[in-house]
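One structure below.
Atoms within a ligand are numbered from 1 in the order they appear, just like the ligands themselves. It should be emphasised that the depicted structure is a prediction, and the values quoted were computed from it without experimental measurement.
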Amino acid sequence: MIEVAQLRKEYGDLVAVDDISFTAETGAIFGLLGPNGAGKTTTIGCISGLLEPTAGTVRVRGHDVVRESAQAKASLGVVPQEIALYGDLSAGENVRFWGQAYGLRGAKLRARITDVLEITGLLDRAGDRVDQFSGGMKRRLNFACGIIHEPQVLLLDEPTVGVDPQSRVRLLDLVREQANQGVCVLYTTHYMEEAQSICDRLAIIDHGHVIAQGSLAELQAQMGERDLVRVSGSFDESELHRAFGHDADVEIVTVDDAQATLSVRKASSKLPTLLAALTGAGSEVRDITVSQPSLESLFIKLTGKELRE
Ligand SMILES: Nc1ncnc2c1ncn2[C@@H]1O[C@H](COP(=O)(O)OP(=O)(O)OP(=O)(O)O)[C@@H](O)[C@H]1O
Ligand SMILES: [Mg+2]
């Protein structure tokens with residue numbers, strides 16, 4: 001179990017993580033979802049002991065990561081965002097290196113090397129040099145190195161970036177399996193579909209702050225019955241505010257000259273009236289998309305910006 005309380009991390013004048021608190025439970029996947037620069041890797045660094053928090057506390061299975069760092073680290077496995085592999089060694093040698101670093105020896109080490117290469121689909125490439133691997137293969141090997149010692153707490157920092165769709169499904173299955181075996185998994189991603197499909201609970205972070213937190217159902221409930229309607233064309237901002245200012249079913253999330261984003265109750269049944277109101281407010285509508293409540297629409301509603309930018 002991981003307990004993060006009022007965590008803050010500054011780099012000089014920059015506050016990368018500002019008052020983040022959450023608890024990740026045993027046997028479940030806790031997601032940290034946020035755009036580039038949100039503070040995900042910094043948070044992972046503070047949990048793994050790589051970075052010292054400026055303020056706040058982090059406990060791993062009850063051990064404070066600063067004061068009892070050896071005990072806290074003993075149960076941790078980390079799969080870093082920056083791939084940490086030796087290019088001039090083979091896949092097998094890389095996994096062996098990490099296994100030995102975590103104290104595995106002899107028959108146990110050999111058995112685990114075979115196991116992790118097999119489950120990541122790399123057993124037939126065990127003897128090949130890693131600098132001849134594709135990006136996706138390196139990602140899978142990076143994952144194998146992180147779980148070689150069967151950690152009880154697993155930190156995964158964007159483990160599927162650059163992985164093809166098939167291997168991604170396989171990697172996500174492996175992550176789910178880890179949780180099913182009782183591992184506490186912390187999973188960072190900027191892919192909202194991934195967070196939506198794999199995480200039991202999650203925190204959405206932006207600029208170092210948690211902006212929403214809970215189970216998927218709780219977060220979706222925050223969107224309520226509202227769909228997100230994105231319209232492109234040309235808009236008169238003040239006219240739009242005047243047109244929808246008193247309409248309880250429509251909330252303007254963002255609007256500029258060329259783009260308007262609205263949060264609309266039961267949008268699909270309201271499209272004709274919505275279009276009429278937009279045109280009546282001096283808008284020209286060129287394209288319109290309606291999205292069901294999702295993590296992405298919640299993020300847009302809370303921050304006024306797209307998650308992927
Ligand atoms: N070593 C460092 N020195 C100074 N600033 C840093 C350092 N590492 C990260 N930052 C800054 O801290 C903020 C958070 O960075 P972080 O790497 O934690 O974000 P992230 O959510 O992991 O982003 P990404 O999705 O791009 O990996 C960013 O503004 C980044 O520029
Ligand atoms: Mg990162």
Side-chain angles (χ1 to χ4, degrees), residues 2-24 29-58 60 65-66 69 72-73 76-85 135-136 138-143 145-147 153-163 168 171-172 175 184-199 201-214 219 294-296 298-300 302-309:
I2 306 167
E3 295 158 281
V4 173
Q6 287 148 354
L7 180 66
R8 181 180 176 88
K9 177 65 186 174
E10 297 167 4
Y11 297 109
D13 290 340
L14 184 120
V15 183
V17 167
D18 189 5
D19 197 20
I20 285 187
S21 302
F22 63 84
T23 301
I29 303 172
F30 188 92
L32 279 185
L33 174 69
N36 291 149
K40 304 181 294 295
T41 299
T42 303
T43 304
I44 294 254
C46 291
I47 299 169
S48 70
L50 194 68
L51 298 170
E52 192 170 334
T54 307
T57 55
V58 179
V60 174
V65 295
V66 178
S69 91
K73 277 181 192 162
L76 275 181
V78 185
V79 176
Q81 181 172 18
E82 299 294 338
I83 289 177
L85 298 170
K138 287 182 189 158
R139 278 276 161 221
R140 286 189 269 147
L141 184 59
N142 202 38
F143 182 82
C145 293
I147 59 165
V153 176
L154 185 57
L155 310 179
L156 302 173
D157 198 354
E158 311 225 24
T160 61
V161 168
V163 173
R168 166 177 298 220
L171 253 179
L172 292 178
V175 174
C184 167
V185 180
L186 182 66
Y187 192 99
T188 86
T189 181
H190 63 275
Y191 297 125
M192 62 99 192
E193 304 92 340
E194 211 171 88
Q196 211 154 313
S197 73
I198 197 175
C199 298
R201 296 183 67 75
L202 51 118
I204 305 181
I205 63 173
D206 189 32
H207 296 301
H209 296 277
V210 173
I211 55 171
Q213 182 168 183
L219 291 174
S294 67
L295 288 181
E296 182 154 50
L298 178 62
F299 185 84
I300 295 169
L302 293 172
T303 67
K305 64 182 187 191
E306 303 270 336
L307 189 51
R308 270 166 287 180
E309 54 187 356

### Task
Please confirm whether Gly34 comes under 4.0 Å of ligand 1, counting heavy atoms of the residue only.
no
### Query
Can you tell if the side chain of Val17 reaches within under 4.5 Å of the side chain of Arg8, non-hydrogen atoms only?
no
### Task
For the Mg ion (ligand 2), decide whether Thr41 has an N, O or S atom at a distance under 2.8 Å.
yes
#### Entry: Atom indices of ligand 1 within 4.0 angstrom of Thr41 heavy atoms, with elements
17 (O), 18 (O), 20 (P), 22 (O), 27 (O)
### Query
Minimum heavy-atom separation for Phe30 to Leu202, with atom names?
CZ-C, 4.0 Å
### Query
Quick one: which ligand 1 atoms are inside 4.0 Å of a heavy atom on Ala38?
19 (O), 20 (P), 21 (O)
### Message
What protein heavy atom lies closest to atom 27 (O) of ligand 1? Include the residue and the distance to one decimal.
### Response
Gln81 NE2, 2.8 Å
### Query
Which heavy atom of Asp19 sits nearest a heavy atom of Gln6, and at what distance?
OD1-CG, 3.1 Å
### Task
For the Mg ion (ligand 2), decide whether Gln81 has an N, O or S atom at a distance under 2.8 Å.
yes
### Closest protein heavy atom (residue, atom, distance) for atom 25 (O) of ligand 1
Lys40 NZ, 2.8 Å
### Task
Using the side-chain hydrogen bond (donor to acceptor under 3.5 Å, both in side chains) rule, take Thr41 and Gln81 through it: C-alpha gap first, then chi angles, then the decisive distance, then the call.
CA-CA 8 Å; Thr41 299; Gln81 181 172 18; 2.6 Å; yes
### Message
Suppose we measure from atom 14 (C) of ligand 1 to each protein heavy atom; which comes out shortest, and what is that distance?
### Response
Gly37 O, 3.4 Å
### Message
If you scan the protein for heavy atoms around atom 31 (O) of ligand 1, do you find one that is closer than 4.0 Å?
### Response
no
### Query
Which pair of non-hydrogen atoms, one from Ala84 and one from Asn142, has the smallest distance, and what is that distance?
N-OD1, 3.4 Å
### Query
Non-hydrogen atoms of His190 versus ligand 1: any pair closer than 4.0 Å?
no
### Query
Do you know the tightest heavy-atom contact between Pro53 and Val66?
CD-CG2, 3.9 Å
### Task
Do me a favour and list the nearest non-hydrogen protein atom to atom 1 (N) of ligand 1 with residue, atom name and distance?
Tyr11 CE2, 3.7 Å
### Query
Of the protein's non-hydrogen atoms, which lies at the shortest distance from atom 15 (O) of ligand 1, and what is that distance?
Thr42 OG1, 3.8 Å
### Query
What are the two closest heavy atoms between Leu302 and Ala212, and how far apart are they?
CD1-CB, 3.8 Å
## Note on the structure
Per-atom filter on ligand 1: closer than 4.0 angstrom to a heavy atom of Leu14 are 11 (C), 12 (O), 13 (C), 29 (O)
#### Entry: contact_flag Gly208 ligand 1 heavy-atom lt 4.0 Å
no
### Query
If you draw the axis of the six-membered ring of Phe22, does the NZ or CZ of Arg201 fall within 45° of it and under 6.0 Å from the ring centre?
no
### Query
If we ignore angles and hydrogens, is there a donor and acceptor under 3.5 Å between the side chains of Thr160 and Glu194?
yes
### Task
Return the minimal non-hydrogen interatomic distance between Lys40 and Leu32, and the atom names on each side.
CD-O, 3.7 Å
### Query
Which residue supplies the protein heavy atom nearest to atom 26 (O) of ligand 1, what is that atom called, and how far is it?
Asn36 ND2, 3.1 Å
### Query
At a 4.0 Å threshold, what atoms of ligand 1 neighbour a non-hydrogen atom of Glu158?
25 (O), 27 (O)
